[in-house]
Amino acid sequence: MASSFTRLISGRNTAALLASLGAGTMATGFLMSETGPLAADKKTKLYPPSSDFPDLRKHNNCMAAALTPAIYAKLRDKVTPNNWTLDQSIQTGVDNPGHPFIKTVGCVAGDEESYEVFAELFDPVIKDRHNGYDPRTMKHPTDLDSSKITNAVFDENYVLSSRVRTGRSIRGLSLPPACSRAERREVERVVVTALAGLKGDLAGRYYGLGDMTEKEQQQLIDDHFLFDKPVSPLLTCAFMARDWPDARGIWHNNEKTFLIWVNEEDHTRVISMEKGGNMKRVFERFCRGLKQVEHLIQERGWEFMWNEHLGYILTCPSNLGTGLRAGVHVRLPKLSQDPRFSKILDNLRLQKRGTGGVDTAATGDTFDISNNDRLGKSEVELVQLLVDGVNHLIECEKKLEKGQDIKVPAPITQFRK
Amino acid sequence: MLNSPQIRQQGSTMPFGNTHNQMKMKYTSEQEYPDLSKHNNHMAKILTPAMYERLRSKQTPSGFTLDDVIQTGVDNPGHPFIMTVGCVAGDEETYEVFKELLDPVIEDRHGGYKPSDKHKTDLNPSNLKGGDDLDSNYVLSSRVRTGRSVRGFCLPPHCSRGERRAVEKLSIEALASLSGDLKGKYYALKNMTEAEQQQLIDDHFLFDKPVSPLLLASGMGRDWPDARGIWHNDNKTFLVWVNEEDHLRVISMQKGGNMKEVFDRFCTGLTKIETLFKERSHAFMWNEHLGYVLTCPSNLGTGLRAGVHVKLPNMSKHAKFEEVLKKLRLQKRGTGGVDTAAVGGVFDISNADRLGFSEVELVQMVVDGVKLLVEMEKKLEKGQSIDDIMPAQK
């Protein structure tokens, strides 16, 4: 029996030796006095990384696929400059084993430095999620010149609305999983101050979640602008809902075509949208608005988190690079019934969602169609990809209407061979 | 603005609790102070900006901080049926390091219990008078539960996976040594078979991942179902939950109204378990001021809830029902537990107190109180008044 064995051996040194050999749990009964508190620094010896390694046998997410006992042992006791740890990064992936059909990411960053300090985990996760993109060797292009986009005004018999979203993080402040209340309030202050400087068609107003009136709340719901406290365990297990609704809010311009969420899943989520098919104008406003906001925060000595390997830094590794999802609500009654629909989308690097967003199914024949990719291609490239893809889908739909046949397009090249 | 990405070796930083605390000190306490303007829990009533300022730089030896203590109370402004506590302990030392906050919370929650008061522990079942004759036509089942924490390990809001597994391992070893009518088996949540799971559900033994935001916000749901499990004896009358809201929850229960037998088994089983842990060099967290130390301040002292499921369709509709319960120091719940409402006139009636009374005293209150309630129910059935048997305030 382990306990009698440890009783035979006397002395702290032996117990510490046993612990370092991985017999951590045996040693605990021996080293712990009945009255002594267990200091944080003693724990590293008493609990070797092997005793803390999560049970990931039933898990199916990018973190579980990448994390090995060796990587865990190396990184467990490290901290970022904001004192964020590996265990905190992976908690959401430990708590949410995943779904057999959907592979979630399973880890989040607490700050900009997480991606560097825990690179041994994040790099393979990024590779897995972003089609083989290697942050060590590859560079991510940023391009917000909307004038380069062509053919981006869609047939409004098919396209009901157009939207582009991304996120931005304020450099120097911890991200939503890790931030303290003061940091979160600082993010709110920095962003809201900057947004107050927007003019013309971008002039607008901020609504703090905690102090909006009933009437304002109802209006925001009717406009489909309001976001609520996260219920998804993917987010709540990543500590993002703490202190809700403190320092959370929604800003939008008077025309209701440019919208910013503050302190939801990222410091900011920036959305440009309008009814109809004028994606060119949506993206033009998106780029202009983003650049103006960036300029306004720079005037006060702040900047966005960005580097040449990962592009824009966001909380979830899935949103690195551009963080951009450009999409339309489009009617495709015939094409969506065609058995080749999924393959066509795949090859065009597009994804479909229900019109309620990522966790919904499509109702009727209207789909949310958007770009799959985020990292390794620029904003202009991804929006053009979406534009070309949607135009192609509409062409297919028209052909099917006329009783003509359609062809599955060749797949667009990726990094992975 | 960019914090340089230094890689610093640090003493073990447990998930959720924080060397992060030092970083927060660069903000003023006013900048960090939570917005409690819409809150109604014990923590929100007691905490002030000045107190926050004094306590925010502290942490327990294992790294549990004030913000960790209060997170659940910040995230949960209130509850429809009960006044929640709004703070938790991450380890035994929390109650000492943050006594400036927790002493008044304890005083508020436990009927004026002072920091200088001493708590009496009495687990001698022969001190209970009666309790073997509650009318089974009314009393459907009897149950006593408490919790125990194993000294030297962090509590569920703060523990690492390694610590939680160590608590589980110790518990399995200790419980495996029980014999006679206490002999039983352990079912780890993460590898029970479908058949085992269904049986435990049918027996009303299975606990599931907490869904209550009160618990989740404190960090107790982390790593579920790792190192969680249920042990019960072959007779299904003695049950131990491992690593749910506390290290251990110990439950004695049976159908019918023989509370004496339930309490007898409860005390015998608990005492045996404590001995088995001590043989393995582990004590339960206990001190003469707070009694048994548990995660939630509401469960300090005895951690004991003795209760019955009892049919009181007439009594529960009587105008004086609440007043009677208050005088008897009892509380009512639905038969689904703390967050439910009563169904079909059947109530869960249990002691309201935990601290400042011994185990025997609390069970005595339940036994005497339920006897009186059943008497009242019978009178109301016959159309008689209950005014002459109204109790005095206990």
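Every chain is numbered from 1, with letters handed out A, B, ... down the list of sequences.
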Rounded distance [0.5 Å steps], CZ in A/R181 versus NZ in B/K24:
7.0 Å
Of the backbone (N, CA, C, O) and the side chain (C-beta and beyond), which part of B/K209 lies under 4.5 Å from a heavy atom of chain A, both, or neither?
side chain
Got a donor-acceptor contact below 3.5 angstrom from the B/K38 side chain to the A/G210 backbone?
yes
Interface moiety of A/R184 toward chain B, non-hydrogen atoms closer than 4.5 Å:
neither
Quick one: what part of B/D35 sits under 4.5 Å from any heavy atom of chain A, side chain, backbone, both or neither?
both
Shorter than 4.5 Å, heavy atoms on both sides: which option in B/D91, B/N76, B/T72, B/D67 has the most such pairs with chain A?
B/D67
For a 4.5 angstrom cut-off between non-hydrogen side-chain atoms, does A/D52 reach B/R165?
no
Which distance, rounded to the nearest 0.5 Å, do you find between the NZ of B/K169 and the OG of A/S51?
12.0 Å
Atom NZ of B/K58 with >12 non-hydrogen neighbours under 6.0 angstrom
no
Interface moiety of A/D95 toward chain B, non-hydrogen atoms closer than 4.5 Å
both
Between the main-chain N or O of B/Q31 and the side-chain N or O of A/R185, is there a donor-acceptor pair closer than 3.5 Å?
yes
Could you tell me which portion of B/I70 (side chain, backbone, both or neither) has an atom closer than 4.5 angstrom to a non-hydrogen atom of chain A?
side chain
Contacting region of A/L56 [heavy-atom separation from chain B under 4.5 Å]
neither
Hey, are A/D55 and B/R161 close enough for a salt bridge, meaning a charged N less than 4.0 Å from a carboxylate O?
no
